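For reference, the structure is listed below as structure tokens.
Only a predicted model underlies this, so the values are computations on that prediction, with no experimental measurement involved. Any value given below was found using the heavy atoms of this structure, including those in side chains, with hydrogens, waters and symmetry copies removed. Letters A, B, ... mirror the listed sequences (proteins, then strands); counts begin at 1.
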Amino acid sequence: MDQQYDPKSLEANAQQFWAENGSFEVSEDPARDSYYCLSMFPYPSGKLHMGHVRNYTIGDVISRFKRMQGKNVLQPMGWDAFGMPAENAAIKNNVPPAKWTYENIDYMREQLQSLGFGYDWKRELATCDPNYYRWEQWFFTRLMEKGIAYKKTAPVNWCPHDLTVLANEQVIEGCCWRCDTPVERREIAQWFLKITDYAEQLLADLDTVEWPEQVKTMQRNWIGRSEGMEVKFEVPGHDSLMVYTTRPDTLYGATFMAIAAEHPLSLSVAVQHPELTEFIEACKQTNTAEAELEKMEKRGFPLGINAVNPVNGEEIPIWVANFVLMGYGTGAIMSVPAHDHRDWEFAKKYGIEIRQVVAPSDGSEVDLEAGAYITKEGVCCNSGTLDGLDFKTAFNAIADNIEEQQKGSRQVNYRLRDWGVSRQRYWGAPIPVINCQACGTVPVPKHDLPVVLPEDIEFEGIGSPIKSMDSFINTTCPRCGEAAERETDTFDTFMESSWYYARYACSDQTDAMLDQRADYWTPVDHYIGGIEHAILHLLYARFYHKLMRDEGLVHSDEPFKSLLTQGMVLKDGSKMSKSKGNTVDPQLLIDSFGADTVRLFVMFASPPEQSLEWSDAGVEGAHRFLKRLWHIIHQHIDSSNDRIADLDVSNLNTIQKAMRLKLHETIRKVSDDFSRRLTFNTAIAANMELLNAVSKFDDDSDQGRSIRQEVFDNMALMLAPIIPHVCHQLWRELGHDSIIIDHAWPQVDESALVQDSIEMVIQVNGKLRGKMQVSTDVDKTSCEAAALDNEQVKRFIGGQAVRKVIVVPGKLVNIVV
RNA sequence: GCCAGCGUGGUGAAAUUGGUAGACACAGGGGAUUCAAAAUCCCCCGCCUUCACGGGCUUGGCGGUUCGAGUCCGCCCGCUGGUACCA
């Protein structure tokens, strides 16, 4: 009989088997090698999108593969449940964010289960659960005590019409996304974590993790360590200006200073200066995004005050400039237009002197009319005693000089800024702080935690409802007992996603943030997620891990040993995302073709690190392969009702040997693809080739049937991580009592790989001109002779003299004439 | 703007350490089967040229290194992600 491939019932059966047997529930076993495979948890936006399917299929394939290799595998799943979309949905559909979120979670959990992912659901967590965020609140109060959490003012996007703070993505072409009012930059007090204290460690430890080089490079550049100087410029009649520069060797070329609009010096002059006040107001008409600030037109306003250049006593004008920001660095910079791109543009625009102080070391001229000359390879000129010195020598000379005069000092600086964790939003973890008139900001004591976010709320306006909720706000000061107010800001959602990986190890722990189980599982062996998280999420999580280490909660330096950054699933050329509304619903595909087809297709369509332009075509091809696999294996089973004879490998004919060669070459390749290369698309292609080969292998002898059984057994094993449902079933039908998820990964039979002869390519002047079959133990000389003797090759050489012959053993012979 | 990546047939891709460009699929064309269709099976399938054998061209563009470059180097073009309050 020949059953039809029926994914619906087959997948339900396999999933039921795994659930009933708790197949993916794991416990800590010190005797076994642990393997923690983690995929980035999803934001519960409503339903899974293809990016999720891709991410979680990759994770599941790796998990199942490692399990077959004998590891004690943990693969958990949970929900990054706080965030803005829940608030947007609340406004749009008048449904409380909590309800919306929990309903989404329930639906998406079912979708994940229907895809057959091997998660330990006992460890599931949602970050909006007070049992989760209470520990984040507790940890924050510890950071306050240590001085790592502190408060300062920082700019936000402010909509003057809606009277609310906007996220960068809510600012469309400089205007509020709801009311189209031009957005302003406004300084408000916010909480920060001193990630800059860990900059050096975050930089150094990048060398210890097995991450893609591109991600490490991005993080290094983001941290942006630079060695330079802080230099003090006296301002007669005012406070001096402190600036940071990486190019003190160009100090003689400084022809102006630029300060932020909100700089105290600027503000004090503005008091008597309406035009400047107007300019300062104009500078606020911008959002806070770096890309916008860099692209906007650079504008300035002369302050009418001079600063004194400490190296030569020269007075240079101070300008207020819209591209200098108060929050970053000292809010003031020195400008050397001849050797800085931005300063050059500014000087050109406002007719400020461009003075060359670096010249090419070969003595050639540079054209400063065409643009700034930016290099560290030149020599100083027009710089007094520095003239003729190279960058390093000049740097040290000027640094020594300035330090002696106490006008500045050498300084290591980072581009990285402290992490602002305050959000003026509702759907987030409340910042556990009480503001008391007498005592100031007081952390909520551990026994009063969690500060629970009220979930039963009316979400009408645009602002956060707890900002006007007296029952939430009014409280008493834990220190003095007097009436006090709660902080109504919530945490950045990156806070929750910075430690969830560790919480999975002990998500049932009610008395502590983490326990010793975290040390059994962490660091994560393999972390899988989108490349879009290469900087922020991954940097914050690394920082948090070090904070937890310093609190004694974990005992490793880094959270993620190795990292796989999957490329994005694109639709119509751009990132598939809820906000862009260009998602493809995988559910339709699961319903019509089954989970195995969807899993097979996303793994086959491209290698994990590459972006994947979605197209519906091709899914049918994956489905066809499954049907074909099912059909061919059943044909084999039906035609070998009697038992399969033992294989006698010493007594095989050429075709049988070739079939076994193909099988074991495939096992070797697929094992390498799974473990080292992580290219599942080529592993699948290799199995397709194997299926094509075995379908042509129509040897019906006992030995032939045994070989076919060997092929199918191994194919089921090799494909089990990718298409687990169908392989679960086929494995049993192939006559095995064992459960395939616990079976060992296939072994290569080295003896099957031995060949008598191989094909070699013959080139003339690098162009393919012929092929020849040679014995595997042939030496270079006879290779060369055989190549020169080839008829086709002789034609191309003609009468020309052979100048050189290159032999690459086992590959090719190149004859140069 | 800055940082990182990508660019190969009609399409998704393969080529793993500088060594046969296009494996494996999708789409398309032809055939078998069928009353017919679906499904399935078999064959063809980069471009130009040739009756054919064959030859020439081809990995975004231009240049370089090399016996040999999709792969290494330089410049340019296009696309994607990130850019600190989307997650």
Review point. Stems in RNA chain B: runs of 3 or more consecutive Watson-Crick or G-U pairs, distances under 3.5 Å?
Key: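 Listed by first number, the stems are B:1-7 with B:77-83, B:10-12 with B:24-26, B:28-32 with B:40-44, B:46-49 with B:54-57, B:60-64 with B:72-76.
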Nucleotide [N], atom [atom2] - distance to [atom1] of [X] in whole Å:
| X | N | atom1 | atom2 | result |
| --- | --- | --- | --- | --- |
| A:Glu532 | B:C3 | CD | C1' | 16 Å |
| A:Glu290 | B:C86 | CD | P | 14 Å |
| A:Lys216 | B:C3 | NZ | C1' | 17 Å |
| A:Met296 | B:C2 | CE | P | 16 Å |
| A:Leu539 | B:A87 | CG | C1' | 16 Å |
| A:Leu416 | B:U83 | CG | P | 14 Å |
| A:Ile535 | B:C2 | CD1 | C1' | 11 Å |

Check your understanding: For A:Lys696 and A:Arg415, take the nucleotide of RNA chain B holding the closest heavy atom to each; which residue's nucleotide lies nearer the 5' end?
Key -> A:Lys696
Point to revise | Upstream residue (5' side of RNA chain B) when A:Trp419 and A:Glu689 are each assigned their closest nucleotide | key: A:Glu689
So, OP1 or OP2 of [N]: does either fall under 4.0 Å of a side-chain N or O from [X]?
| X | N | value |
| --- | --- | --- |
| A:Arg628 | B:C41 | yes |
| A:Thr493 | B:A87 | yes |
| A:Gln792 | B:G55 | yes |
| A:Asn692 | B:A23 | no |
| A:Arg624 | B:C26 | yes |
| A:Asn687 | B:C24 | no |

The side chain of [X] is closest to which nucleotide in this list: [options]?
| X | options | value |
| --- | --- | --- |
| A:Phe604 | B:G1, B:U40, B:A25 | B:A25 |
| A:Ala605 | B:G12, B:C41, B:C3 | B:G12 |
| A:Lys627 | B:G82, B:G56, B:U40 | B:U40 |
| A:Met84 | B:A87, B:G81, B:A25 | B:A87 |
| A:Asn221 | B:C67, B:C3, B:G55 | B:C3 |
| A:Tyr540 | B:G54, B:A84, B:G81 | B:A84 |
| A:Gln214 | B:A4, B:C43, B:G81 | B:A4 |
| A:Met218 | B:C3, B:A84, B:A87 | B:C3 |

Ring-plane angle category for [X] and [Y], please: parallel below 30°, perpendicular beyond 60°, tilted otherwise.
| X | Y | value |
| --- | --- | --- |
| A:Tyr132 | A:Trp499 | parallel |
| A:Tyr544 | A:Trp419 | perpendicular |
| A:Phe82 | A:Tyr133 | tilted |
| A:Phe41 | A:Tyr500 | parallel |

Keeping the roles fixed (side chain from [X], backbone from [Y]), state whether a donor-acceptor pair exists under 3.5 Å.
| X | Y | result |
| --- | --- | --- |
| A:Gln566 | A:Ile528 | no |
| A:Asn221 | A:Gly224 | no |
| A:His52 | A:His49 | yes |
| A:Asp418 | A:Thr196 | yes |

Show me, pair by pair, the donor-acceptor contacts under 3.5 angstrom made by side chains of residues 809-817 of chain A, not counting sequence neighbours?
{"residue": "A:Asn814", "atom": "OD1", "partner": "A:Gly766", "partner atom": "N", "Å": "2.9"}

Exercise for review: Can you check each nucleotide of nucleotides 14-21 of chain B against protein heavy atoms at under 4.0 Å and return B for base, S for sugar-phosphate only, - for none, in 5' to 3' order?
Suggested key: SSB--BB-
Exercise for review: Decide yes or no for A:Met715 and A:Leu629: does some side-chain heavy atom of the first lie under 4.5 Å from some side-chain heavy atom of the second?
Suggested key: yes
**Study point:** Sugar-phosphate only, base, or nothing, as touched by A:Val215 at under 4.0 Å among non-hydrogen atoms
**Key:** nothing
Check your understanding: Hey, does the Lys NZ or Arg CZ of A:Arg417 hover above the aromatic six-ring of A:Tyr328, less than 6.0 Å from the centre and inside 45° of the axis?
Key ->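 Output yes; distance and angle both within limits.
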